Q: 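Please see the structure below; I have some questions.
Only heavy atoms go into these numbers, but all of them, side chains included; no hydrogens, no water, no symmetry mates. This one's a predicted model, so the numbers in the text were calculated from it and none came from an experiment.
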Amino acid sequence: MFVSLLILGQYGVSRAQEACESVAHIISAQGEIRVNEILIDNATASRDQLTVCVGDTISAGQLSRAAIAIFNTETVIRIDQNTELRLTSPAAKDPSFLKLFKGAINILSPAPQPLVVDAGFVNAAVEGTEFHIRVEDDQAIVTVLQGQVKASNSIGSPVSLTSGQSASTRMGQAPQRDSSIIPEDTIQWALYYPPVIDFQEDSKDLTENDPHFHTRNAAHELSVGALDSARKSIAAAAQLDGSNEEVWALRLIIALTQNRTTDIEQLLMDVNTGELSSAAALIALSYAQQKQFQLQAALETINKAVDTHSQNWLAKARRSELSLSVGNIDQALEDAQAANDQVANARSQTVLGFALLAQTKISEAAEAFRQAIALGSEDPLPHLGLGLAKIRSGDLVEGRHDIQMASVMDSQNALVRSYLGKAFYEEKRGKPSKELCEKLEASSCRPLDETQFDLAKGLPDNEPTPWFYDAIRKQTINQPIPALEDLQGSIDRNNNRAVYRSKLLLDEDLAARSAALGRIFRDLGLEQRALVEGWHSVNTDPSDFSGHRFLADTYSTLPRHEIARVSELLQSQLLQPLNLAPIQPQLAETNLFVLSGAGPSDVAFNEFNPLFMRDGLRFQINGVGGGN
């Protein structure tokens with residue numbers, strides 16, 4: 001470790017003396033990551049964001065991963081193990097600025113950025129937002145996840161690829177479309193697999209004849225996305241002990257992360273979940289129960305894990321996470337601190353950050369998230385939390401950048417994609433520039449928030465959040481019918497009638513909860529339907545202020561409902577937390593001499609802004625005019 005730190009110091013000094021043309025910086029480093037043969041560790045990369053210069057070669061060794069962000073663009077490159085690439089020139093000066101010698105990379109850019117990747121057998125001219133490319137000994141494979149890519153070489157005609165399409169190129173051959181490649185399979189190495197086993201605990205005393213030796217190897221391999229190696233280690237452990245609960249737990253976590261519903265159901269049928277006793281199996285089971293919206297069952301499972309394995313910090317960290325999800329902040333803080341006292345870890349620091357964020361201790365929360373990123377930059381949640389903390393401090397652009405990093409760390413996470421879409425919505429980021437759109441097909445020149453919501457909807461985890469936020473987006477641009485359809489889609493994907501609630505309760509999303517969704521129905525003349533939805537919501541959760549606000553807004557346009565409206569508004573005000581989205585003055589008073597439906601009594605579109613809470617001044621203007 002001392003040698004590594006010494007080398008890092010020399011790296012920084014040498015760069016200061018050189019006229020370095022910087023092109024990117026390293027934001028995450030797992031395992032053996034080198035820049036020009038100089039070793040980089042994660043803590044230094046996440047803290048100092050080490051600069052990468054034109055001509056630098058970046059390599060990832062065995063069981064290693066990295067991520068780099070390109071300057072002057074929103075492009076981020078994930079680097080798989082056994083990969084070597086070189087940044088040959090800044091993107092602003094020369095579109096052909098990346099050369100991939102071997103291995104695999106995943107490139108993500110929410111805004112389309114023209115880019116050419118030289119991959120030996122094939123050049124990938126990128127005019128989209130997300131794609132994957134792998135270079136092997138005798139072929140190169142290009143897969144487009146979203147957007148469009150043109151694969152070409154000097155031998156044959158170029159092949160245009162769009163979302164979900166792949167092309168392969170062998171030595172001496174022109175690129176050809178390859179329908180046998182499954183896009184989701186190409187990026188499994190880039191996913192985040194939640195830890196269920198502390199692979200560093202007691203591992204030095206284990207031998208290859210012990211199944212725990214192999215399960216700990218598998219846990220380590222999953223932590224860096226080495227899925228093939230992990231499966232071999234799991235198989236070796238199963239051969240030694242076919243009923244090993246850690247084997248079952250690792251298989252369940254893989255299936256959960258990859259959203260393989262059939263495998264999840266089969267694994268749950270293979271065991272009597274009530275008889276599981278190992279910490280790893282109970283932690284994995286709690287993830288499965290949470291995915292099925294069985295939060296109370298997940299809490300009971302993880303309570304059993306903590307009671308049975310009081311020294312297991314992963315179980316305590318997991319309970320702190322679940323406690324925060326159901327709003328038990330005191331228990332979450334207690335468990336997070338206890339787990340962190342045992343072992344400094346990213347998950348406990350992350351939960352600590354969200355708990356502080358819920359208490360509006362913004363600076364302390366941001367510091368906790370930074371520490372979590374230094375301990376485990378591959379986890380998307382601390383990046384998401386840091387982004388929310390920055391947004392609440394008033395720095396929307398930097399906050400959105402951190403949320404984008406969260407989506408990079410787990411591009412198949414619909415919830416994180418939803419929050420990225422929210423950030424773009426708040427930034428009012430529309431289509432790319434007219435000049436860029438002329439180069440791209442119309443399908444690629446869509447608003448950035450819309451693109452993220454659509455990507456989240458297409459992911460297999462059936463998350464209701466993107467449907468809910470896209471409904472708000474569509475309502476604000478005066479599309480009430482599509483908004484209503486998306487709102488219904490959100491309801492269909494939620495197992496309760498409190499449609500205002502995101503599945504992730506770590507961010508309570510106060511402004512969105514205060515949105516007067518009854519307007520969608522009123523705009524369409526469906527006042528009775530609005531009332532029915534409001535009644536269902538209040539009956540489901542009488543303590544939820546947003547349901548009462550829903551009814552107050554609906555009653556505001558109905559004759560002879562003043563007492564009911566004021567009653568619901570008062571309950572909403574008593575129950576709601578501090579909120580930046582103000583109550584409309586006309587809803588708090590009954591004698592404004594304004595006709596119902598004649599202007600100010602209808603909520604302005606700006607009611608839905610901001611979706612994120614931020615410090616700063618806000619002005620909302622509404623008016624009514626008339627004449628004889």
Q: Roughly how far, to the nearest 0.5 Å, is CZ of R370 from NE2 of H383?
A: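 The distance works out to 12.5 Å.
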Q: Between L63 and A226, which heavy-atom pair has the shortest distance, and what is it?
A: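 Residues L63 and A226, closest heavy atoms: CD2-CB, 3.6 Å.
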Q: Closest approach of S152 and P158, non-hydrogen atoms and distance?
A: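 Looking at all heavy atoms of both residues, the shortest contact is CB-CB, 3.6 Å.
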Q: Between I264 and K291, does the side-chain contact (heavy atoms from CB on, under 4.5 Å) criterion hold? Intermediate values first, please.
A: CA-CA 11 Å; I264 295 170; K291 186 177 181 64; 4.3 Å; yes
Q: What distance separates L381 CG from D410 CG, expressed to the nearest 0.5 Å?
A: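 Taking CG in L381 and CG in D410, the distance rounds to 9.0 Å.
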Q: Ignoring hydrogens and geometry, is there a side-chain-to-backbone donor-acceptor pair from R392 to L357 under 3.5 Å?
A: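 At least one qualifying donor-acceptor pair exists.
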Q: Does R134 form a salt bridge (Lys or Arg N to Asp or Glu O under 4.0 Å) with D80? I'd like the steps, not just the answer.
A: CA-CA 9 Å; R134 177 176 292 277; D80 192 12; 3.0 Å; yes
Q: Ring centres of F369 and F354 under 6.0 Å apart?
A: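 Yes, close enough.
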Q: With T215, which residues qualify under side chain to side chain donor-acceptor pair (under 3.5 Å), at least two apart?
A: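 Partners of T215 under the side chain to side chain donor-acceptor pair (under 3.5 Å) test: E246.
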Q: Using a 4.5 Å cut-off on heavy atoms from C-beta on, say whether the side chain of Q81 contacts that of V224.
A: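 Sidechains of Q81 and V224: no contact.
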Q: Between E426 (side chain only) and A423 (backbone N and O only), is there a donor and an acceptor less than 3.5 Å apart?
A: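 Judged by distance alone, no pair lies under 3.5 Å.
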Q: Counting C-beta onward and ignoring hydrogens, is there a side-chain heavy-atom pair between L384 and D402 closer than 4.5 Å?
A: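 Side chain of L384 against side chain of D402, heavy atoms only: no contact under 4.5 Å found.
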Q: Any side-chain hydrogen bond (donor to acceptor under 3.5 Å, both in side chains) involving residues 57-67? Give me the pairs, sequence neighbours left out, ordered by first then second residue.
A: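 Every side-chain hydrogen bond (donor to acceptor under 3.5 Å, both in side chains) pair that includes a residue of residues 57-67, provided the two are not neighbours, is Q30-R65, T57-R86, Q62-N82.
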Q: Enumerate, atom names and distances included, each donor-acceptor pair closer than 3.5 Å involving a side-chain atom of residues 98-108, sequence neighbours excluded.
A:
| from | atom 1 | to | atom 2 | distance (Å) |
| --- | --- | --- | --- | --- |
| K99 | NZ | D118 | OD2 | 3.1 |

Q: Which residues pass the salt bridge (charged side-chain N to carboxylate O under 4.0 Å, His left out) test with E32, not counting sequence neighbours?
A: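 Listed in chain order: R34.
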Q: So K150 and L161, do their side chains get closer than 4.5 Å, heavy atoms only?
A: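 Result no, sub-4.5 Å side-chain heavy-atom pair not found.
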Q: Apply the test side-chain contact (heavy atoms from CB on, under 4.5 Å) to residues I133 and I141: give CA-CA distance (whole Å), side-chain angles for both, the deciding distance (0.1 Å), then the verdict.
A: CA-CA 6 Å; I133 185 167; I141 299 171; over 6 Å; no
Q: Taking A372's backbone N and O only, do any of them form a donor-acceptor pair with Q349's side chain (distance below 3.5 Å, no angle check)?
A: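 No.
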Q: Scan residues 372-388 for pairs that pass salt bridge (Lys or Arg N to Asp or Glu O under 4.0 Å), counting only residues two or more places apart or in two chains.
A: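 Qualifying pairs, neighbours excluded: R347-D379.
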Q: Rounded at 0.5 Å granularity, tell me how far OG in S411 sits from NE2 in H132.
A: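 Rounded to the nearest 0.5 Å, the OG-NE2 separation comes out at 10.0 Å.
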Q: Measure across T257 and P194 and return the closest heavy-atom pair with its distance rounded to 0.1 Å.
A: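 Smallest interatomic distance, heavy atoms only, reads OG1-CD, 3.5 Å.
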Q: Counting only heavy atoms from other residues, nucleotides and ligands, does the tally under 6.0 Å from CD1 of I155 exceed 12?
A: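 Count over threshold, so yes.
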Q: Hydrogens and angles aside, do S418 and T465 bring a side-chain donor and acceptor to less than 3.5 Å of each other?
A: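 Note: S418 and T465 side chains miss the donor-acceptor criterion.
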Q: For the residue pair H25 and F71, categorise the inter-ring angle as parallel (less than 30°), tilted (30 to 60°) or perpendicular (more than 60°).
A: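 Geometry flag for F71 against H25: tilted rings.
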Q: State whether R417 and E130 are salt-bridged, where the test is any N-O pair (Lys NZ or Arg NE/NH1/NH2 against Asp/Glu carboxylate O) under 4.0 Å.
A: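 Looking at R417 and E130, the cut-off is met.
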Q: Please confirm whether the backbone N or O of Q404 pairs with a side-chain atom of S407, one donor and one acceptor, at under 3.5 Å?
A: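 Checked: pair present.
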Q: Report yes if some heavy atom in the side chain of L455 is under 4.5 Å from a heavy atom in the side chain of L459; otherwise report no.
A: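 Counting from C-beta outward, L455 and L459 never come under 4.5 Å.
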Q: If you look at every heavy atom in P466 and F453, which pair is closest and at what distance?
A: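 So the minimum-distance heavy-atom pair works out to CB-O, 4.0 Å.
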Q: Only pairs at least two apart or in different chains count here, so list each salt bridge (Lys or Arg N to Asp or Glu O under 4.0 Å) that has a residue in residues 467-477.
A: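 Listed once each, the pairs are K457-D470, D470-R473, D470-K474, K474-D486.
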Q: Report the C-alpha separation of Q139 and M171 in whole Å, then their side-chain angles, then the decisive distance to 0.1 Å, and conclude whether the side-chain contact (heavy atoms from CB on, under 4.5 Å) test is met.
A: CA-CA 6 Å; Q139 71 170 342; M171 185 179 299; over 6 Å; no
Q: Short question: side chain of H214, backbone of A235 - any donor-acceptor pair under 3.5 Å?
A: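 Here the side-chain-to-backbone pair does not exist.
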Q: When you compare the side chain of R318 with that of Y287, does any pair of heavy atoms fall below 4.5 Å?
A: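 The answer is yes, as the side chains (C-beta and beyond) meet within the 4.5 Å cut-off.
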Q: Are any non-hydrogen side-chain atoms of M409 and V416 less than 4.5 angstrom apart?
A: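 No, side chains not in contact.
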Q: List the steps and the verdict of side-chain contact (heavy atoms from CB on, under 4.5 Å) for Q292 and L268.
A: CA-CA 12 Å; Q292 297 169 343; L268 293 175; 3.7 Å; yes
Q: Over all heavy atoms of both residues, which pair between A284 and L252 is shortest? Give the atoms and the distance, please.
A: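 What the structure gives for the nearest pair is O-CD2, 3.6 Å.
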Q: Rounded to the nearest 0.5 Å, what separation is found between the CE atom of M405 and the OG atom of S377?
A: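 Those atoms lie 11.5 Å apart.
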Q: Main chain of I79, side chain of T83: is a donor-acceptor contact present, judged purely on distance under 3.5 Å?
A: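 Judged by distance alone, no pair lies under 3.5 Å.
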Q: Indicate yes or no: at least one non-hydrogen side-chain atom of I68 is less than 4.5 angstrom from one of L87.
A: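 Of all side-chain heavy-atom pairs linking L87 with I68, at least one is under 4.5 Å.
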Q: Quick check for you: to the nearest 0.5 Å, what is the distance between L386 atom CG and T350 atom OG1?
A: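 OG1 of T350 is found 10.5 Å from CG of L386.
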Q: Drop me the distance from L222's CG to Y193's OH, to the nearest 0.5 angstrom.
A: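 Spacing of CG (L222) from OH (Y193) equals 6.5 Å.
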Q: Does the side chain of N259 come within less than 4.5 Å of E184's, by heavy atoms?
A: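 Of all side-chain heavy-atom pairs linking N259 with E184, none is under 4.5 Å.
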Q: Of all heavy-atom pairs between I283 and P195, which one has the smallest distance, and what is that distance?
A: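 Nearest heavy atoms, I283 then P195: CG2-O, 4.3 Å.
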Q: Are S393 and D395 linked by a side-chain donor-acceptor pair shorter than 3.5 Å?
A: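 Side chains of S393 and D395: no pair found under 3.5 Å.
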